[in-house]
Every structure is written in structure tokens, then in C-alpha cells.
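What follows is one structure encoded as C-alpha cells, with my remarks underneath.
Reckoned from all heavy atoms, side chains included, excluding hydrogens, waters and symmetry mates.
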Amino acid sequence: MALTRIGLAGLAVMGQNLALNIAEKGFPISVYNRTTSKVDETVQRAKLEGNLPLYGFHDPASFVNSIQKPRVVIMLVKAGAPVDQTIATLAAHLEQGDCIVDGGNEWYENTERREKAMEERGLLYLGMGVSGGEEGARHGPSMMPGGSLEAYQYIEDILLKVSAQVPDSGPCVTYIGKGGSGNFVKMVHNGIEYGDMQLIAEAYDVLKSVGKLTNGELQQVFAEWNKGELLSFLVEITADIFSIKDDQGEGYLVDKVLDKTGMKGTGKWTVQQAAELSVAAPTIEASLDSRFLSGLKDERVAASKIFQGDYSSGETVDKAQLIEDVRKALYASKICSYAQGMNIIKAKSTEKGWGLNLGELARIWKGGCIIRASFLDRIKKAYDRNGELANLLIDPEFAQEIMDRQAAWRRVVCLAINNGVSTPGMSASLAYFDSYRRDRLPANLVQAQRDYFGAHTYERVDMPGSFHTEWYKIANSKI
């Protein structure tokens with residue numbers, strides 16, 4: 001057989017689907033997996049899905065040697081030690097100028113470490129975030145490659161065809177930047193995804209618990225929302241979820257799903273990085289805390305028996321008004337969540353000298369990925385208008401949209417509080433907005449307290465310099 005254009009190692013669900021996508025776009029591909037049955041399974045799928053130019057190999061040497069030079073191999077294996085093991089297996093057969101691409105959810109510093117190690121061996125390295133789940137991998141994901149620009153240029157023609165295609169803005173891939181920037185951007189993308197999912201769950205909870213909407217009504221509401229400014233993959237699938245009946249019993253399946261949320265770590269990394277960079281990200285943090293609390297199922301069941309009672313405010317709710325208010329509250333909260341994510345990326349880009357283009361990131365998230373939404377077009381335009389924008393909230397269009405919705409937003413949060421329904425994401429978003437819009441916060445008192453007990457000093461609003469006051473002595477001298 002002729003040499004293939006590219007190789008892919010790691011044939012779990014994402015790897016199989018991405019390999020088939022590459023083959024379907026006309027690029028002959030070699031595949032390899034340590035468990036050989038996965039190789040055979042992928043080859044069989046390629047035959048069934050249109051005799052695609054995909055070739056399987058059971059040993060790493062044959063696999064690597066089947067690829068044209070300079071060789072490019074994409075890895076899709078579990079982050080951490082398995083990546084290092086796969087690199088060791090592949091690098092033993094690669095030659096100077098060849099390239100390895102890690103397509104997993106890897107910690108960005110691991111990517112930077114590996115890039116340096118590969119450079120010493122004459123190999124190129126890319127860390128490439130891939131978003132869209134198994135469907136995206138098969139039919140067009142959003143891809144975020146960072147690291148060696150030369151390596152990106154090897155496979156740019158493949159990535160441009162394999163990625164999701166958005167009619168008005170092109171392929172959902174771009175060279176992100178140096179080092180681990182691709183992995184970092186994908187990590188924050190996942191943190192924004194946490195926030196998005198939490199806010200949608202809270203909208204559902206308020207409509208169901210306070211508005212008493214049925215699953216049928218919820219399906220109609222979310223389907224209608226998906227025709228307007230909230231048009232997005234997550235709102236679309238939420239509408240679908242409410243329509244599914246339980247095939248194991250009576251009623252709807254969503255009501256039978258256990259209320260414990262899983263996670264794989266990228267949301268936690270995002271929150272940790274926000275703290276490291278001193279960037280406020282309360283909506284994303286609230287979504288992570290909500291997942292932690294959801295995991296305490298047994299404790300929550302026990303607590304519900306202790307804190308029994310009717311927490312309903314008893315006020316009559318106008319269903320139509322509530323639906324409209326929740327829609328506006330969801331949109332306004334979402335602006336805050338994305339603003340926080342973009343600020344984390346911007347701060348890291350500044351720290352590392354990556355020079356990331358935030359508008360371009362919004363563009364490549366418009367298709368293929370989990371957070372794809374029409375809303376991202378507004379974000380791209382905001383950064384196109386002002387590449388140095390300090391915060392999405394102060395973009396003129398977003399500022400006006402928040403002002404137009406803030407009354408509804410406040411009503412929803414107050415209604416939820418008065419009815420004992422937790423809305424940590426919406427509440428955190430509103431608090432973020434209210435803190436950001438005020439020219440004076442009570443931080444003056446916190447600084448005075450710090451100076452009182454620790455002599456940390458403070459600045460004044462009326463004169464320059466650093467000051468310390470003997471607060472205790474002065475206060476006690478008056479007794």
C-alpha cells in the first residue's frame with residue numbers, strides 16, 4: 001500500500017470517530033491501539049461507513065513506518081501517564097522532523113514539558129484541544145492546536161477540512177499560539193461549559209419548582225428559546241431531554257436520572273487557574289461547587305429531613321412572565337460566565353506572552369464544540385470592535401443587553417431565594433455584575449481591618465502613598 005497522510009493512536013470513542021472523520025475527508029490514515037481488537041473494530045467501521053481509506057496496524061513500528069514523511073501522529077489517550085507511555089512507544093520509531101499531536105484534555109504545563117523534551121529529540125509537538133464529543137469528532141469538532149507552528153502547518157490542510165464548518169465564519173480551527181496555549185484554551189472552554197450547564201439547570205429548576213411547569217411545557221419553552229438569542233447546542237439538547245419518555249417505566253427519563261454530577265477535572269483546573277491569576281470567576285466557581293454539593297446525595301437526603309417545611313413564598317406566579325424573566329436572567333448570567341472565562345484566558349495570555357486572539361477563539365467555538373452558540377458571534381464582534389476590551393460587560397452592545405434584562409434577572413434571583421430554590425450560578429453572576437458596575441465597594445473596610453490586625457497598610461482616596469494607623473490604640477484611648 002502507499003504511505004498514508006497521517007496516523008492516529010488511541011482508538012476509544014473519540015479516537016475512532018476522529019480517524020473516520022479524517023479518512024472521510026479524503027486523507028488516508030493509519031491507526032494503532034495497544035489493544036488490537038480496537039484496531040480491527042475501527043477498520044471494520046471504516047469499511048461499513050463507505051470503504052474509507054483507513055488502515056489498521058497492530059504494532060507501533062509498522063504503524064509509524066506506514067505514514068509519509070514528515071510523519072504526523074495524533075494521540076487520543078487518557079491524560080497524564082498514558083500520554084507519556086504512548087509518546088515513548090511512538091518516539092522510538094519516529095525520526096527528526098516528525099510530529100506528535102496530543103488531542104486529549106491535558107494539563108497545559110504537561111504539554112509544555114513534553115514539547116521541550118521532544119524538541120531535544122528533534123521532534124515537533126502540538127497540544128490540541130478537541131471539543132464536540134463523539135458526534136463532533138466524527139462529523140466536525142472545534143479544534144484548538146497550540147505549540148509548534150511548524151507542526152501546525154504540517155496538518156493545517158487536514159484540520160481545516162476535518163473541523164466543523166460554519167457558513168459565515170469558516171472552519172472551527174485556528175493556530176492558537178505557543179506552548180500549552182491550545183490545552184489552556186480548551187480547559188477554559190470546559191470551565192465556561194460548566195457555567196453554561198449550571199445556569200441552564202437553574203433555569204429548569206426555577207421553572208419546574210416555582211413555576212410548576214411540566215416536562216412537556218419545559219420542552220416547548222427550551223425549544224422556543226433555541227430559536228432566539230439563546231440558540232445553542234446546550235439549549236437544543238435540553239429541549240430534547242425533556243421529550244424523552246422512560247423506557248424502563250412510567251413518566252419521563254429526566255426525572256429518573258440521579259442528581260449527582262460527574263466531572264473529569266477541567267472545570268476544577270479552570271477555577272484553580274482563575275485563583276492563581278487573581279481573576280474573579282464566581283459563576284464558573286459556583287458551577288463547580290454545585291457539582292461538589294450534588295455529590296453529597298446521602299447527606300442532602302438526611303438534611304432534607306432535618307430542614308423539612310414549606311419554603312414556598314406562597315405568592316401567585318404568572319407563568320408567562322416567569323418564563324420570559326428566566327429567559328432574560330439566563331442570557332444575562334451567561335454573558336457574565338463568558339466574560340469570566342475570557343478574562344482568565346486573557347490574563348494567562350499576558351502572563352505567558354502567548355498573544356491570544358479572543359475574537360478568533362469565539363469564532364472557532366461557533367461550531368462543533370459543546371458551547372457552540374449564536375451568542376459567540378456577538379462575542380467575536382465585541383473583540384473585533386476592541387481587541388483590548390477589559391471585560392465583555394462593558395462592550396456597548398453587551399452593556400445595553402444586560403441593562404435591558406437586569407430587572408428580570410433580579411426578579412428571578414429574588415423569587416428563587418424567597419421560594420428556597422438555590423440559584424448559585426445566576427446569583428453569582430448577578431453579584432459579579434453588581435460588584436463590577438460599582439465605583440466604590442466595601443473593600444475600604446476590609447483594608448482597614450487588615451491594617452488594624454496585621455499592619456498591612458492602606459492607600460487613601462484623597463492623597464498618594466501608603467499609610468498605617470494604630471487603630472487599636474486610638475480606639476482604646478477614647479475609653
Side-chain angles (χ1 to χ4, degrees), residues 6 8 13-15 17-27 29 72 74 76 101-106 108 126-147 149 151-177 180-193 196-197 226 230-237 266 334 338 341-342 345 349 354 356-384 392:
I6 192 168
L8 189 144
V13 174
M14 286 289 286
N17 283 330
L18 187 60
L20 291 163
N21 183 356
I22 291 170
E24 190 174 62
K25 297 303 187 296
F27 300 101
I29 183 169
V72 178
I74 299 175
L76 272 163
V101 181
D102 178 9
N105 280 332
E106 187 55 273
Y108 82 98
L126 279 176
M128 181 171 72
V130 179
S131 178
E134 57 185 283
E135 279 297 304
R138 180 65 185 85
H139 300 293
S142 172
M143 294 188 282
M144 296 150 254
L149 177 59
Y152 173 72
Q153 289 167 343
Y154 280 2
I155 57 169
E156 183 177 27
D157 61 329
I158 297 176
L159 300 184
L160 289 172
K161 283 194 176 180
V162 166
S163 62
Q165 309 292 313
V166 176
D168 61 342
S169 61
C172 293
V173 64
T174 191
Y175 174 69
I176 301 295
S181 59
N183 291 120
F184 190 89
V185 166
K186 174 59 164 57
M187 177 196 76
V188 177
H189 160 287
N190 287 18
I192 293 170
E193 182 184 306
D196 243 356
M197 294 171 76
N226 197 48
L230 289 171
L231 189 153
S232 64
F233 173 70
L234 285 169
V235 169
E236 177 188 340
I237 68 168
T266 45
K334 190 180 170 87
Y338 278 73
M342 288 302 193
I345 292 172
S349 178
W354 285 337
L356 302 187
N357 182 330
L358 299 183
E360 184 68 352
L361 299 185
R363 183 192 69 76
I364 67 168
W365 289 344
K366 282 174 62 180
C369 70
I370 304 301
I371 63 170
R372 61 184 182 265
S374 60
F375 169 82
L376 284 156
D377 202 45
R378 288 190 182 86
I379 295 179
K380 181 184 184 306
K381 287 174 181 172
Y383 286 112
D384 285 348
L392 272 181

I'd like to check R138 versus E135 (side-chain heavy atoms, cut-off strictly below 4.5 Å). Are they in contact?
no
Is F375 close to L231 at the side-chain level, that is, under 4.5 Å between some pair of heavy atoms?
no
Answer whether the closest heavy-atom distance between the side chains of P145 and E156 falls below 4.5 Å.
no
Are any non-hydrogen side-chain atoms of N21 and K25 less than 4.5 angstrom apart?
yes
Can a donor-acceptor pair be found between the side chains of D196 and Y338 at a distance below 3.5 Å?
yes
For V162 and P141, the nearest pair of non-hydrogen atoms, with its separation, is O-CD, 3.4 Å
Could you check whether atom CE of M197 has more than 12 heavy atoms from other residues, nucleotides or ligands sitting under 6.0 Å from it?
no
Residue set satisfying salt bridge (charged side-chain N to carboxylate O under 4.0 Å, His left out) with R372, at least two apart, ordered chain then number -> none
Evaluate D377 against K381 for salt bridge (Lys or Arg N to Asp or Glu O under 4.0 Å), listing each step before the verdict.
CA-CA 6 Å; D377 202 45; K381 287 174 181 172; 3.3 Å; yes
Are I22 and I74 close enough, and set up right, to give a side chain to side chain contact (heavy atoms under 4.5 Å, CB included), and what steps lead you there?
CA-CA 11 Å; I22 291 170; I74 299 175; 4.1 Å; yes
Donor-acceptor pair, distance only, cut-off 3.5 Å: does the side chain of E106 make one with the backbone of M128?
no
Test side chain to side chain contact (heavy atoms under 4.5 Å, CB included) on T174 and N357; report intermediate values, then the result.
CA-CA 10 Å; T174 191; N357 182 330; over 6 Å; no
Value for SG (C172) from CG (L159), rounded to nearest 0.5 Å, stands at 12.5 Å
With rounding to the nearest 0.5 angstrom, report the CD1 to OG distance, I371 to S131.
7.0 Å
Could you tell me whether the side chain of R363 and the main chain of P171 form a donor-acceptor pair under 3.5 Å?
yes
Would you check, one step at a time, whether the test side chain to side chain contact (heavy atoms under 4.5 Å, CB included) holds for T266 with E193?
CA-CA 10 Å; T266 45; E193 182 184 306; over 6 Å; no
S169 meets the side chain to side chain donor-acceptor pair (under 3.5 Å) criterion, sequence neighbours left out, with K366
Between the side chain of N226 and the main-chain N/O of V235, is any donor-acceptor distance below 3.5 Å?
no
Decide yes or no on side chain to side chain contact (heavy atoms under 4.5 Å, CB included) for M144 and W365, but give the supporting numbers first.
CA-CA 9 Å; M144 296 150 254; W365 289 344; 3.5 Å; yes
Which pair of heavy atoms, one from I29 and one from A23, lies closest together, and at what distance?
CG2-CB, 3.9 Å
Looking at every heavy atom in both M342 and I379, which two are closest together, and how far apart are they?
CE-CG2, 3.9 Å
Within the 4.5 Å heavy-atom criterion, are I155 and L126 side-chain neighbours or not?
yes
Can you measure from OG (S232) to CD1 (I370) and round to the nearest 0.5 angstrom?
11.0 Å
Any residue meeting side chain to side chain donor-acceptor pair (under 3.5 Å) with K380, in chain and number order, not counting sequence neighbours:
D384
Hey, does I364 have a side-chain heavy atom less than 4.5 Å from the side chain of I176?
yes
Check whether any side-chain heavy atom of L358 sits under 4.5 Å from a side-chain heavy atom of S349, and report yes or no.
no
Pairwise distance CG(L230) to CD(E236) - rounded to 0.5 angstrom:
13.0 Å
